[in-house]
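Within every chain, numbering begins at 1; the chains are lettered A, B, ... in the order of the sequence lines, protein sequences first and strands thereafter.
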Protein chains: 2
Amino acid sequence: MELDERKQKILYAIIQNYQETGEPVGSRTISKMDALNFSPATIRNEMADLEELGYIVQPHTSAGRVPTDKGYRFYVDRMLAERAESDPRKDLQLPAAPMQELLTKRIDRVEELLLKMAQILAANTNYTTMVTGPHSRRNKLKFLQLSAMEDRKILAVVVLGGNIVKNNILEIDEELSQETLLNLNFMLNNRLNGLSLEEINLGLISQLKEEAGGHIGVIEKVLDAVADTFAKEDSYPIYTSGATNIFRYPELTGGDKASELISTLEEKKELGSAIGEISNDSESHQDIRVYIGDEVPVDSMKDCSVVTATYELGDGVQGKIGIIGPKRMNYQKVVDTLKGTMHQLDGIFKKSEE
Amino acid sequence: MELDERKQKILYAIIQNYQETGEPVGSRTISKMDALNFSPATIRNEMADLEELGYIVQPHTSAGRVPTDKGYRFYVDRMLAERAESDPRKDLQLPAAPMQELLTKRIDRVEELLLKMAQILAANTNYTTMVTGPHSRRNKLKFLQLSAMEDRKILAVVVLGGNIVKNNILEIDEELSQETLLNLNFMLNNRLNGLSLEEINLGLISQLKEEAGGHIGVIEKVLDAVADTFAKEDSYPIYTSGATNIFRYPELTGGDKASELISTLEEKKELGSAIGEISNDSESHQDIRVYIGDEVPVDSMKDCSVVTATYELGDGVQGKIGIIGPKRMNYQKVVDTLKGTMHQLDGIFKKSEE
DNA sequence: GTTAGCACTCAAACGGTTAGAGTGCTAACA
DNA sequence: TGTTAGCACTCTAACCGTTTGAGTGCTAAC
């Protein structure tokens, strides 16, 4: 073990104190704590060791100590381990009242639910929150609906599991009679409903074209629209809320940092990678991940930490929630809040599937 | 006339210089200009007068002068008047290349077009841009489409003029057969297509209910959804872009100003009022309006100016564009850019209606 | 292994001085 | 009478030396 018991305690104390105050913490402060009743000099010796090991640094010679990324990593790992050992129910923080209300009141429009969720989490934690819309690659087609709009234009509404609805306006090469359209509608739904993207393969596609008679162009456009709905970036949009919370933390607003961060959030580029793409199945969807400082794969967030969770809306429809805050964020509270929210969410969707 | 020719020139010069530098401008600076070849002392006398009249102020005793809201108002009015007099084509700034490309390439999804427009305008002007989605109260119903989703749930897709599409998932009290649904579909479209919100009145509604036989509950829900599409806030969403441009202007970022401004933009509250609700018909849709400082009806924008324009996508579908910048923004460029964009937009939609 | 004591370092706050930009006023000028 | 040169005055921002206080590292004693 690299760190003996006392060093660990001191490191823990330093980090907690720094999280509360945001100021470098000195040896006197630590020595005053009940659990660590040593003289400042002793603490200083230990701190010097901790610094040598890379867990803390001094901003300048005569200042107190501040945790490094490695320090935070130690702290977070230990906290997560403790949480995992203890009774999972004990510190499962119940979502705050507005969240309770949101989650029990059933909302059909997924987008609205996700946006509200982001807003409430941001307001609750005082950190910035982002939620990716459900990632639907493994999702299934519920049904589709073609309607005539005007000459050579049809509206294709594609509905996936989890009630993800997307509209596509298609320009086609021929004019279709109401009847033809009805037939196509029937045929396509008959063939495609309940299938996932993978299941709509080349064989099936050529079969469809055959059945469609002359309207191959239309079929192609419709299939494109379906593929789009499954895959296209804006079929899983990203909702953010509480961007201005970063102004609460001076370490995030110096220089151009604030501007860059907010730009990233506004343009919603790179956010997907920040939050971690949906990963392999081995990961439980209750898994909570913490990325600290340089571990975050987005440049403008190198001074932040990001805590992510995966939510599931039944049917294998998954998305991610990310909470972005300063490295000295209250990891404990954030992790518990996310766990609580996920837990509740699961309950709801389990129930509604019965 | 309150201001003689020379005072006007000096005021103009002060404002232009201040716009360029952002620093208070002194008498020496002005006296060096070719058009105003007087000694600093003379200029000083005039400046003292202008200050007494409320057009300019000194931040402190020994500083140069800075325009007041009244000063800007004078400047803008005069500029707009000049623009109106001269050949409108002369200074019609053609939209920058990316905008040209965007506008000639036809985009069917209105939302996408508007968002892109906001982005390009923001990038072009270096100011924050917001675009309200088309305001559709006077719009007409193109068609609607009911589809069965699962027991007791139907999807109602409502399409308005300008191809504004909105999905509504309705929970209904009874189970409907495919056939009934088809009939309702047919009946509703038959009755409602082409009507505006006002034309769907109580008489028509009770008639519909009669025709629908037992399915009054369904009809009510569908009509609610239609009304929603016409009226509900998110049927004319607000797109913003370039929020971080405000960091270019120190006068907007002091204290909590930046945070408040970005909050306003993020939450998209109050933005509607900032941009000015769609007003009476008397206003030409080519009309450009400038709100300076306190004239902006949003608290967090009291240090900004907002320039708005109304766009039209044919069919009387209108929306607004607003450019938000510091009071010392380049009004001329902004006004010309907006005019150019509106002009081009009109061309496109006129053409596509033929 | 722990602690008291002490010299040392450094950032931040304080205060006085200076430099410079710009003003208002007055008196002379055209 | 309008314009200008000259001058004293004001105020901010920058500069600089000093002080203060928090915190350290080291050493020697317990």
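- Between B:K32 atom NZ and D:dT4 atom P there is a gap of 16 Å when expressed in whole angstrom units.
- For the side-chain hydrogen bond (donor to acceptor under 3.5 Å, both in side chains) test, residues two or more places apart in sequence or in another chain that qualify with A:E46 are A:R6, A:K7.
- Using a cutoff of 4.0 Å between basic side-chain nitrogens and carboxylate oxygens, A:R73 and A:D69 are not scored as salt-bridged.
- Pairing analysis of DNA chain D (Watson-Crick: purine N1 to pyrimidine N3 plus N6-O4 or O6-N4; G-U wobble: N1-O2 and O6-N3; both under 3.5 Å) yields stems of 3 or more pairs at C:1-30 with D:1-30.
- Ring geometry for B:Y72 versus B:Y331: interplanar angle of 30 to 60°, hence tilted.
- Between A:E23 atom CD and D:dA22 atom P the separation is 12 Å, expressed in whole Å.
- Both cation-pi conditions hold for B:R78 and B:Y12: the charged atom is under 6.0 angstrom from the six-membered ring centre and inside a 45 degree cone around its axis.
- A salt bridge between B:E251 and B:K327 is absent, with no side-chain N of the basic residue lying under 4.0 Å from a carboxylate O of the acidic one.
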I'd like to compare against my own output: the B/S/- annotation of nucleotides 6-25 of chain C with a strict under-4.0 Å heavy-atom distance to protein.
---BBS---------BSBBB

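- Checked by atom type, the side-chain pair B:T264/B:S300 shows a donor-acceptor distance below 3.5 Å.
- One can place CZ of A:F38 at 7 Å from P of C:dT3, the figure rounded to the nearest angstrom.
- For the residue pair A:T244 and B:S263, a side-chain donor N or O sits within less than 3.5 Å of a side-chain acceptor on the partner.
- At C:dT3, one or more side-chain N or O atoms of A:T42 fall inside 4.0 Å of OP1 or OP2 (strictly under the cut-off).
- Note: CD (B:E46) to P (D:dT3) measures 7 Å, nearest angstrom.
- Atom C1' of nucleotide C:dT2 and atom NZ of A:K7 are separated by 14 Å, given to the nearest angstrom.
- At least one donor-acceptor pair under 3.5 Å links the side chain of A:E266 to the backbone N or O of B:A243.
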